[in-house]
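Okay, so here's the structure we're looking at.
Note that this is a predicted model, so its numbers are computed, not measured. Numbered from 1 within each chain, the chains take letters A, B, ... in sequence-line order.
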Number of protein chains: 2
Amino acid sequence: MNKAPTKETMEGWIQLHRSHRYLLERVESALKSEGLPPLDWYDVLLELKRVKKTGLRQYEISGKVLLNKHNLSRLIDRLEKNGLVQRNACPEDGRGNLIKITSAGEKVLKQAWPVYSHVIEESFGTILKSDEIVELTRVLSLVLGRAERLT
Amino acid sequence: MNKAPTKETMEGWIQLHRSHRYLLERVESALKSEGLPPLDWYDVLLELKRVKKTGLRQYEISGKVLLNKHNLSRLIDRLEKNGLVQRNACPEDGRGNLIKITSAGEKVLKQAWPVYSHVIEESFGTILKSDEIVELTRVLSLVLGRAERLT
DNA sequence: TATTTTTGGTTGTGATTGCAACTATATTGA
DNA sequence: TCAATATAGTTGCAATCACAACCAAAAATA
């Protein structure tokens with residue numbers, strides 16, 4: 001145990017770190033320049049849209065987007081304040097609440113999609129070959145396979 | 001132009017985003033739990049150590065670690081306040097300064113390395129095969145190939 | 001059932017970030 | 001040479017984040 005990583009391992013991680021920062025920066029600045037909310041909003045809204053009818057508990061959202069609970073709680077505050085989601089009392093668990101997307105929330109998703117997707121296509125999709133992307137996805141999902149919900 | 005990304009492209013990006021968040025979270029919390037400074041400090045110090053003698057201008061560091069200039073400026077403030085780097089006047093450009101790592105800075109690098117590397121090895125290095133990591137690195141460096149210094 | 005522990009979520013507070021405005025020096029170009 | 005513009009870095013401020021402490025309900029345990 002406690003084996004040191006190979007040089008390639010560290011290089012891979014650094015590349016992951018940098019390329020992520022690079023892409024994220026591009027996405028965020030594109031969204032902002034169009035007057036759209038940041039990517040985190042999109043991520044959460046998208047998860048909510050996928051289960052539109054039933055809604056999601058905060059801990060479920062947290063598990064999906066990997067945001068810790070206090071940040072998520074306040075993110076939901078902001079979404080709610082902007083009318084993009086609703087906090088509903090949760091019948092089976094008095095502690096929690098059930099978050100549902102509103103139609104305004106869906107509208108934001110629709111508006112953000114072209115901007116978001118264009119950046120990703122331009123800076124990522126067209127740079128790599130299709131099979132490279134598929135392989136990348138496979139490999140990274142192995143890493144994430146271990147992921148559990150953040151506290 | 002303005003082509004929509006394929007489904008795989010978007011999936012790949014999402015996987016990149018989530019796995020990065022996951023790994024970063026692990027690294028940061030490991031560092032913190034050992035009383036060590038955050039990863040950004042490490043990144044900057046490492047770049048400085050690579051050119052120990054000559055030092056680096058802030059814009060050079062910025063180009064390497066992809067931090068924008070105002071955040072970097074304040075990060076250097078913190079490093080300097082903790083005695084890990086020195087800001088030296090820059091002879092050929094009166095606007096800028098030349099940042100150099102101190103021996104205390106090198107010591108921090110040394111202390112952080114085992115903690116940092118252990119997490120990466122455990123959560124990344126051992127999960128993937130060596131050739132998967134090499135390929136991942138290659139592909140991501142293509143993405144980053146376009147990267148220029150952030151404003 | 002009563003007590004303890006765990007879980008879901010919120011909130012106070014200080015640190016960090018992002019944006020925009022700013023200073024000062026360098027570079028360009030008329 | 002002198003004005004205009006670009007670049008390097010800093011700073012004020014508001015928004016966001018991380019940590020810890022907290023509350024309330026649920027689950028586990030006695």
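Following rounding to the nearest Å, N71(B) (CG) and dA15(C) (P) show an atom-to-atom distance of 17 Å. Separating the NZ atom of K32(B) from the C1' atom of dA20(D) is a distance of 12 Å, rounded to the nearest angstrom. Taking atom CG on L56(A) and atom C1' on dG8(C), their separation rounds to 14 Å, with Å as the unit. Going from atom CG of L79(B) over to atom P of dT16(C) covers 11 Å, rounded to whole Å. dG9(C) atom P lies 12 Å from atom CD of E92(A), rounded to whole Å. Rounded to whole Å, the distance from CG on N97(B) to P on dA24(C) is 15 Å. Rounded to an integer number of Å, the gap from CG of L72(A) to C1' of dG8(C) is 11 Å. Protein atom CG of N68(A) is 16 Å distant from nucleotide atom P of dT16(C), rounded to whole Å.
The phosphate of dG9(D) has neither OP1 nor OP2 within less than 4.0 Å of any side-chain N or O from S73(B).
Under the 4.0 Å criterion applied to side-chain N and carboxylate O atoms, K129(A) and D131(A) are not assigned as salt-bridge partners. The existence of a salt bridge linking R57(B) and E60(B) is excluded, since no basic side-chain nitrogen approaches an acidic carboxylate oxygen closer than 4.0 Å.
Comparing dT16(D), dT7(C), dC19(D) by their closest approach to the side chain of R78(A) singles out dT16(D). Taking the side chain of D40(B) as heavy atoms from C-beta on, and the options dT11(D), dT10(C), dT17(C), the nearest nucleotide is dT17(C). Taking every side-chain heavy atom of R95(B) into account, dA6(D) is the closest of dT10(D), dA6(D), dG9(C). For K69(B), the listed nucleotide lying nearest its side chain is dG9(D); candidates were dA25(D), dT13(C), dG9(D). When each of dT13(C), dT7(D), dT10(D) is scored by its nearest atom to the side-chain atoms of R74(A), the top-ranked nucleotide is dT13(C). Across dT13(C), dA8(D), dG8(C), the shortest atom-to-atom separation from the side chain of D93(A) is found for dG8(C). Out of dA8(D), dT11(D), dT11(C), the shortest distance to the side chain of H70(B) is found at dT11(D).
Among the atoms of the strands shown, only primed sugar atoms or phosphate atoms (P, OP1, OP2) are found under 4.0 Å from some heavy atom of R57(B). Across all strands, D77(A) comes closer than 4.0 Å to no nucleic acid atom at all (heavy-atom distances).
Here the OG atom belonging to S141(A) is positioned 9.5 Å from the CG atom belonging to L136(A), to the nearest 0.5 angstrom. Between L24(B) atom CG and R21(B) atom CZ the span is 9.5 Å, to the nearest 0.5 Å. Going from atom CD of Q86(B) over to atom CD1 of I99(B) covers 10.0 Å, rounded to the nearest 0.5 Å.
Aromatic rings from H20(A) and W13(B) are positioned such that their centres are separated by under 6.0 Å.
Comparing I76(B) and W41(A) by the nucleotide of DNA chain D whose heavy atom lies nearest to each, the residue mapping closer to the 5' end is I76(B). Of the two residues contacting DNA chain C, namely L75(B) and Q58(A), the nearest-nucleotide position lying further toward the 5' end is that of Q58(A). Judged by closest nucleotide on DNA chain D, P38(A) is the one of E28(B) and P38(A) placed further toward the 5' end.
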